[in-house]
Amino acid sequence: MISTTNKNKQAEPNNKKLQKPNVFEAKGFNLWYGEDQALKNIDFDIAENNVTAIIGPSGCGKSTFLKSLNRMVELVPTVKMAGEIQYRGKNILSSKFGVEELRTKVGMVFQKPNPFPKSIYENVAYGPRIHGIRDKVTLDQIVETSLKGAAIWDEVKDRLHENAYGLSGGQQQRLCIARCLAIEPDVILMDEPTSALDPISTLKVEELVQQLKQNFSIVIVTHNMQQAARISDKTAFFLSGELVEYNDTDVIFSNPRDNRTEDYITGRFG
Amino acid sequence: MGFINHEKVAGKMASRTAKNSFVKGLFLAATLFGLVVLAILIYRIITQGIGYLDGDFFTNFASRRPENAGIKAAIFGSIWLMAVAAPVSIILGVGCAIYLELYAKKNKFTRLIQMNIANLAGVPSIVFGLLGLTVFVRMLEMGRSVLAGGLTMSLLIVPIIVVASQEALRAVSKDIQEASYGLGATKWQTIRRVVLPAAVPGIITGVILALSRAVGETAPLIVIGALSFVAFVPENIWSGFTVMPIQIFNWTSRPQTDFHDVAAAGIVVLLIMLLLMNSIAVLIRNKFSKRY
Ligand SMILES: Nc1ncnc2c1ncn2[C@@H]1O[C@H](COP(=O)(O)OP(=O)(O)O)[C@@H](O)[C@H]1O
Ligand SMILES: [Mg+2]
């Protein structure tokens, strides 16, 4: 069984009460792109208000799994899925579950910053607008709160109506995070959010993730093991479409149970 | 390693740079050739037609005397024709492109449709004229009306609009579409707020090119029986009509050389109309790109 306790509280004897509920529970989840199986029999529980990191060599299925959690993976027409992924107790793969509803609860930040070719303001207001918020005052508040939440307000507050493409890569990525916060999600998925950024911007995003975990559950894919070690509570190691090992981050990095995990984190392959 | 012999490389350098400048000159000449021909053409037309380009030319109808001949009926005919053809072809063409590009599954059937549309864009216009004559003029009994002419023109340009719009839609970055879906937008919201605004400049360019083609097209309208000697402005979509290129063709085929100058004046007007259409396209395009 996988423990879902937070590593900081592990020592406490009555940690049963502090055990966080799961936001996601994958059970025997399989995924194919056409004939090629990309994910094999994944069992994976993701706890609330944790930062859960997914690591593994490229092509092992990290992004595929992440995109399964908000069903973005279905944008690829050849995708077939089997098994179950529960979000707060409901199977999101059932045809009864609306993807639009899921995606307002489970926001996503992509590998490459992808702001809309609109103003900074309009980028953040996009989500609230499509969900029916028209009132200018409310929108203004949402935009300000979200930009503050993404630690970019001070940098952009005087140029809210300028095109988002004028921002630096790191600022664009934090704008994308603000855009995601604006729909007030429950979970935030991040697919290598810093891989296109310089070290300073990376640091800012990492600090931001630490702050956000107070209010959100975060699942972050990263190919940077130091990053996983720095910011996550739990780490999952994927290899060739399988979940090899999943445990508290400090256990994974100090005392992995599986040889393949050890080989990977010690840099023997990957 | 010794694979690169620097002496040999230096020896060939002169001929390489010479070839480079030669090719550059060749392409420049090709560009200039086009420009010069265009300039001569415009100069000749204007000097020939300027004498007839006065207020009367725009307010008079066709006449047997060159000094009284005017282009009013043809201008209004062309405008009426566009008023029918533009909405019909834009709605059908852009709608079809959106469906094929964003909704339809990519399978054998859609590939077949795709191929046929591309082929339709290359079918000679007179064939569309015959189709219009059979279907609109005879079967649906529209007669030789503006409506029949406009619908025939729509047939001709819909494939062009479809192909151009599809290209514009395909060029919209997948990243920003994913961003929209990721925020919980429906397909239609994504199309309406992300895809179309980004694709509109390309779509408009295609539409204007297609409409410009329709404004200058004669063959299909002659087939469906547009008139060439018209002394009235169409009153509604059931009226008979003529259009500018037919009127110009009619003037050039008269024996009196004075009418050839009238034709030149007509060509100037047609060119100005095309220029206006293109400017409108540029304006709309700029307006859309400024919104970002
Ligand atoms: N759109 C796609 N179509 C077909 N195969 C894909 C597609 N996306 C990813 N794959 C395949 O699925 C596997 C996992 O890919 P991905 O999840 O992107 O890996 P990672 O994010 O870990 O680098 C790879 O073998 C990749 O080739
Ligand atoms: Mg990836």
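Since the structure is predicted, the reported quantities are computational estimates derived from the model, not experimental observations. We name chains A, B, ... by the order of the sequence lines, and we start the count at 1 in each one.
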Give a yes or no on whether the backbone of A/I130 and the side-chain of B/Q189 come within a donor-acceptor separation of less than 3.5 Å.
yes
What part of A/R179 lies closer than 4.5 angstrom to a heavy atom of chain B: side chain, backbone, both or neither?
both
Is it the case that more than 12 heavy atoms not belonging to B/K174 sit under 6.0 Å from its NZ atom?
yes
B/Y181 side chain near A/V99 side chain, heavy-atom distance below 4.5 Å:
no
How about OH on B/Y99, more than 12 heavy atoms from neighbouring residues, nucleotides or ligands closer than 6.0 Å, or not?
no
Mind listing the closest non-hydrogen atom pair of B/V194 and A/Y126 along with its distance?
CG2-OH, 3.3 Å
Are more than 12 heavy atoms, taken from residues, nucleotides or ligands other than B/R192, located less than 6.0 Å from that residue's CZ atom?
no
Chain B heavy atoms under 4.5 Å from A/P115: which part of the residue, side chain, backbone, both or neither?
backbone
Assess whether atom CD1 of B/I4 is packed by more than 12 heavy atoms of other residues, nucleotides or ligands within 6.0 Å.
no
At a heavy-atom separation under 4.5 Å, does A/V106 approach chain B through its side chain, its backbone, both, or neither?
backbone
Find the distance between CG (A/L75) and NZ (B/K187) and round it off to the nearest 0.5 Å.
8.0 Å
Top contributor to chain B contacts, counting heavy-atom pairs under 4.5 Å, from A/H161, A/E122, A/H131
A/H131
B/E178 portion near chain A, given a 4.5 angstrom heavy-atom threshold
both
If you draw a 6.0 Å radius around CD in A/Q86, do more than 12 non-hydrogen atoms from other residues or ligands fall strictly inside?
yes
Write down the atom of A/Y165, the atom of B/I176, and the distance for their closest heavy-atom approach.
OH-CG2, 4.2 Å
Atom NZ of A/K157 with >12 non-hydrogen neighbours under 6.0 angstrom
yes
Does B/K24 have more than 12 heavy atoms from other residues, nucleotides or ligands lying within 6.0 Å of its NZ?
no
Heavy-atom proximity to chain B below 4.5 Å, by part of A/K105:
neither
Any side-chain heavy atom of A/F110 within less than 4.5 Å of one from B/D175?
no
Return the CG to CD1 distance between B/L183 and A/I183, rounded to the nearest 0.5 Å.
5.0 Å
Which bit of B/S180 is near chain A, if near means a heavy-atom gap under 4.5 Å: side chain, backbone, both or neither?
both
